[in-house]
Amino acid sequence: MAEPEGPERARLPAGGRKISLQRCETCSQEEAKYRCPRCMKYSCSLLCVKKHKLALSCNGVRDKTAFVSVNEFTDLNLLSDYRFLEDVGRAADAAARHLTVHNPTAKKLLYGLRNKARKCDIDLRTLPVGFTKRRENSTTFNCMEKKFYWHLKLIFPHSHAEYTLKGVPDDKTLADILKPYIDPVESDPVVCQRLKIYTVSPQSDVQILMKIENRKQNSVRYYELDARRSLLDNLKGKVIIEYPTFFVVLKTLKNNMVILGQDASEPAENSDSESSSLSSVEEGEIRDSS
């Protein structure tokens, strides 16, 4: 829920006239009364607040880690940073006390999962307890079928949408995984409408990318995956942190998403270098006890 913006809700003590310096950025008709703490968009009513959240996939929660320039840095920002660090300290302490950390069964399961992945030529790495991706991950390995059932996240940046899949078998092709989302015939009508820019585009224009882990922030690159091949084949030889995240893009709109080997200024390189630092998925140390 967007929070009331101070200046927009203030009233002059003399005339009682409401101060409004902006118009609603959703309907562009009424004076703004609210400002979203997350994306800083102005809204005039609850209806416009909900519309802007839906259109921008905004959750309305202030980003405590957003960049603030030195010129704009105030005492409030300093206090916010201090409280944020306190919250991080409490979260780290709680994670260290979590039963899973000291549970040998859980550690054995994680070790077994990484070992099975290694035999499939997949470098699976896990995060410490307390990290969001560690809590979300539902990936399992079926010993009877000798098959992974992956937790998978699909991100559609051109529609500001993302979907989480659970229990995806590793022998399923990427094309079959995407059919319920971008196939104009087989996709759900609601999903199809939200991903309209994909469903009306030729299938040959759709690309599936996966971010290369362990690269510096200023040299982010992506693998281009083959939709005709299975999930397992596409993951072989790659580093996976907790679970795969795929970016579904259109070739004409992918903007600054550089595919490995297609940048003339940089030769293709092995992303598994041990000298690389951690991925930008989440801040913190990646522990691989194997």
Side-chain angles (χ1 to χ4, degrees), residues 2 23-29 36 38-61 63 66 132-133 136 150-168 172-213 220-231 233-235 238 240 243-263 279-281:
R23 284 202 171 273
C24 176
E25 296 184 58
T26 302
C27 66
S28 303
Q29 296 177 358
C36 178
R38 182 77 178 188
C39 62
M40 309 305 288
K41 296 290 185 182
Y42 288 94
S43 304
C44 65
S45 62
L46 179 60
L47 179 61
C48 285
V49 169
K50 291 181 177 180
K51 283 183 178 179
H52 111 266
K53 285 185 176 181
L54 184 62
L56 302 177
S57 296
C58 176
N59 59 13
V61 179
D63 184 5
T132 302
K133 292 194 74 173
E136 292 176 342
W150 287 96
H151 184 106
L152 185 64
K153 180 174 287 188
L154 300 177
I155 298 179
F156 298 85
H158 309 313
S159 297
H160 303 285
E162 64 178 55
Y163 299 91
T164 299
L165 290 71
K166 296 182 179 182
V168 181
K172 195 171 186 178
T173 65
L174 300 192
D176 289 338
I177 293 173
L178 290 181
K179 273 186 180 180
Y181 300 93
I182 62 174
D183 188 282
V185 177
E186 298 189 24
S187 61
D188 179 87
V190 177
V191 175
C192 182
Q193 181 61 30
R194 187 175 186 186
L195 303 178
K196 188 174 181 180
I197 190 173
Y198 292 92
T199 55
V200 299
S201 299
Q203 294 299 305
S204 58
D205 195 30
V206 176
Q207 276 185 314
I208 307 171
L209 307 180
M210 187 175 78
K211 188 176 179 180
I212 301 176
E213 306 292 359
V220 177
R221 297 294 182 268
Y222 295 83
Y223 291 116
E224 181 177 7
L225 306 181
D226 189 347
R228 297 167 299 179
R229 302 179 67 185
S230 69
L231 178 58
D233 289 339
N234 277 286
L235 296 181
K238 299 177 178 64
I240 307 296
Y243 56 80
T245 298
F246 295 158
F247 295 84
V248 185
V249 301
L250 300 176
K251 294 179 181 178
T252 54
L253 299 175
K254 65 183 179 182
N255 299 327
N256 59 346
M257 302 179 78
V258 182
I259 298 175
L260 185 69
Q262 294 187 6
D263 185 4
S279 158
S280 62
V281 175

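On a predicted model such as this, the values are computed, not experimentally measured, just so you know. The first residue in the sequence is number 1, and the count goes up from there.
- Once rounded to the nearest 0.5 Å, the distance linking OG of Ser43 with NZ of Lys51 reads 11.0 Å.
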Stepwise, does the side chain to side chain contact (heavy atoms under 4.5 Å, CB included) test hold for Leu152 with Lys172? CA-CA 12 Å; Leu152 185 64; Lys172 195 171 186 178; over 6 Å; no
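- With contacts defined as side-chain heavy-atom distances shorter than 4.5 Å, the pair Leu225/Lys238 qualifies.
- Ring pair Tyr163/Tyr181 is tilted by interplanar angle, where 30° to 60° counts as tilted.
- In this structure, Ser201 and Leu250 approach most closely via the heavy-atom pair OG-CD1, 3.5 Å.
- Side-chain atoms of Asn234 come within 3.5 Å of backbone N or O of Asp226 as a donor-acceptor pair.
- Across all their heavy atoms, His160 and Arg194 have their closest contact at O-NH2, 3.1 Å.
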Full working for side chain to side chain contact (heavy atoms under 4.5 Å, CB included) between Arg229 and Leu174: CA-CA 7 Å; Arg229 302 179 67 185; Leu174 300 192; over 6 Å; no
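- Phe156 and Tyr198 have perpendicular rings, their planes meeting at more than 60° on a 0 to 90° scale where under 30° would count as parallel.
- Under the 4.5 Å side-chain criterion, counting only non-hydrogen atoms from C-beta, Thr26 is not in contact with Leu47.
- Looking only at side-chain heavy atoms (C-beta outward), Asp183 and Gln203 stay at 4.5 Å or farther from each other.
- For the side chain to side chain donor-acceptor pair (under 3.5 Å) with Tyr243, the qualifying choice from Lys133, Lys166, Glu136, His151 is Glu136, the only one to do so.
- Taking CZ of Phe247 as the reference point, atom CD1 of Ile208 lies at 13.0 Å (rounded to 0.5 Å).
- Contact between Lys53 and Gly60 at its shortest, heavy atoms only, is CE-CA, 4.1 Å.
- Under a 3.5 Å cut-off, the side chain of Arg23 and the backbone N or O of Tyr42 do not form any donor-acceptor pair.
- Atom-to-atom distance recorded for Ser159:OG and Leu195:CG is 5.0 Å, nearest 0.5 angstrom.
- Side-chain contact check for Lys211 versus Thr245: every heavy-atom pair is 4.5 Å or farther apart.
- In this structure, Glu162 and Lys153 have side chains that are in contact, with non-hydrogen atoms separated by less than 4.5 Å.
- Rounding to the nearest 0.5 angstrom, the gap separating the OG atom in Ser204 from the NZ atom in Lys251 is 6.0 Å.
- Annotation: side chain of His52 is in contact with side chain of Cys39 (closest heavy-atom distance under 4.5 Å).
- Between Cys48 atom SG and Gln29 atom CD the span is 8.5 Å, to the nearest 0.5 Å.
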Side chain to side chain contact (heavy atoms under 4.5 Å, CB included) between His158 and Val249, intermediate numbers included: CA-CA 7 Å; His158 309 313; Val249 301; 3.7 Å; yes
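- Contact record, Leu154 with Leu178: CD1-CD2, 3.9 Å, taken as the closest heavy-atom pair.
- Between Val248 and Pro157 the shortest heavy-atom distance is O-CD, 3.2 Å.
- Side chains of Lys179 and Asp176 form a contact here, defined as non-hydrogen atoms less than 4.5 Å apart.
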Report the C-alpha distance between Glu224 and Gln207 in whole Å, list the side-chain angles of each, state the deciding distance to 0.1 Å, and finish with yes or no for side chain to side chain contact (heavy atoms under 4.5 Å, CB included). CA-CA 7 Å; Glu224 181 177 7; Gln207 276 185 314; 3.0 Å; yes
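- How far CG of Leu231 is from CZ of Phe246: 5.0 Å, rounded to the nearest 0.5 Å.
- Here the closest heavy-atom approach between residue Ala227 and residue Thr173 is recorded as O-CB, 3.8 Å.
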